[in-house]
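Just so you know, ligand 1 is whichever comes first in the structure, and atom 1 is the first atom listed for that ligand.
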Amino acid sequence: MDGNGRWASRRALPRLAGHRRGAEILEGIVEHAGELGIQYLSVYAFSTENWKRASEEVSGLMSLFEYYLKNKLERLKSNHGRLRFAGRRDRLSRSLLEAVENFENETREETGIQLILCVDYGGRQELVDAVKKIIASGAEIDSIDENTISQSLYLPDVPDPDLIIRTSGELRTSNFWLWESAYSELYFTDTLWPDFSGRSLDEAVAAYAARDRRKGGVRVEQY
Ligand code: FPP
C-alpha cells in the first residue's frame, strides 16, 4: 500500500494524514474484494525495514493499526471475514498484539474473505524464522524439501498469492511474500494507495485474468 507519504505531501499534509486516508480506503477495498469472490487479501502495512522511519511516524502507524483493529473491522466481521496476521509478533506493543489476537480469535471460524495483515513482516525474516522452526523440529536434512519450507512459513494453510499489486509506480516487491510469490503475477500501477479504488482493483484483476499463467509449462496448443 505504497504512496501514502506522497499523497499527503502533495496536499501539504503530514505523512500520517496519508496513512489515515490509506486506512480509510482499505475498508471499501476489502469489501469490494469480497464481492469479487477473492478469498485471501493480504495487505503489506508495515515491513521489517519500516522501523527505520522517524519515531513519530512509526508510533502513529502502530496507533492507527490498533485503532483500525478496534474500531473499523466490524464490516469485516459482518461480512463473515476472517483476520489473519503475518509478521514478527515480538516487537509489537502488548496492546496492539492483544487487538490482533482478539480479532484473530473472534473471526477464526468465519468462512468469508481472509484479510491478512502483514505488520513487521519481511520475506527474508519469514524464511529465517522458518529455518529456525525446521532446525528446532529436529528434521533430518535429507527429508527437507520445498513442502517442509512452505509448511514452516507464517501461514502454511494460505495458498500462494495469484496476484501482487504494488501502487505508486515503484517497480519492486520489497521483501513481500518472498517465497510465496515465486509464481505470482505482478501488477504495478502509478495510482497512490490513498487514491486506489474498487475500480482500480477491477482493473488489476482484469489485467491478471488476461495473463497466460504457464508456471514453467507450455500451453497445449503450442505443441
Ligand atoms: C507505504 O507508503 C505505506 C506504509 C509504510 C504504511 C501503510 C499503512 C497503511 C495504508 C495504513 C492502513 C493499514 C491498516 C491495516 C490500518 P509510504 O508512506 O512509503 O509512501 P511514500 O513512498 O509516498 O512516502
Going by distance only, is there an N or O of [X] that falls short of 3.5 Å from an N or O of ligand 1?
X: Gly5; value: yes
X: Trp193; value: no
X: Tyr68; value: no

Whether Tyr121 and Tyr154 hold their rings parallel, tilted or perpendicular, with breakpoints at 30° and 60°: perpendicular
Cation-aromatic face contact Arg11/Trp7, 6.0 Å, 45 degrees: yes
How far is [atom] from its nearest protein heavy atom, and which residue and atom is that?
atom: atom 15 (C) of ligand 1; result: Leu117 CD1, 3.2 Å
atom: atom 4 (C) of ligand 1; result: His19 CE1, 3.8 Å
atom: atom 17 (P) of ligand 1; result: Asp2 OD1, 3.5 Å
atom: atom 6 (C) of ligand 1; result: Ala45 O, 3.3 Å
atom: atom 14 (C) of ligand 1; result: Phe65 CD2, 3.8 Å

Joint hydrophobic cluster, Val43 plus Met62, side-chain heavy atoms closer than 4.5 Å: yes
Atoms of ligand 1, numbered as shown, that sit under 4.0 Å from any heavy atom of [X]:
X: Ala23; value: 12 (C), 16 (C)
X: Arg15; value: 17 (P), 18 (O), 19 (O), 24 (O)
X: Asn4; value: 2 (O), 3 (C), 6 (C), 7 (C), 8 (C), 9 (C), 10 (C), 20 (O), 23 (O)
X: Asn50; value: 5 (C)

Side chain of [X], backbone of [Y]: donor and acceptor closer than 3.5 Å?
X: Arg6; Y: Ser168; answer: yes
X: Thr173; Y: Phe176; answer: no
X: Asn50; Y: Val58; answer: no
X: Asp145; Y: Asn147; answer: yes

Presence of salt bridge, Asp195 and Arg10, under 4.0 angstrom: no
Charged N-O contact under 4.0 Å between Arg172 and Glu49: no
Among Arg6, Met1, Arg10, closest by any non-hydrogen atom to atom 22 (O) of ligand 1: Arg6
Ligand 1 versus Arg53: contacting region, heavy-atom distance under 4.0 Å: side chain
Sub-4.0 Å heavy-atom approach of Phe46 to ligand 1: no
Close approach, Ser168 and ligand 1, non-hydrogen under 4.0 angstrom: no
Ala33 to Ile113 - nearest heavy-atom pair and separation: CB-CD1, 3.7 Å
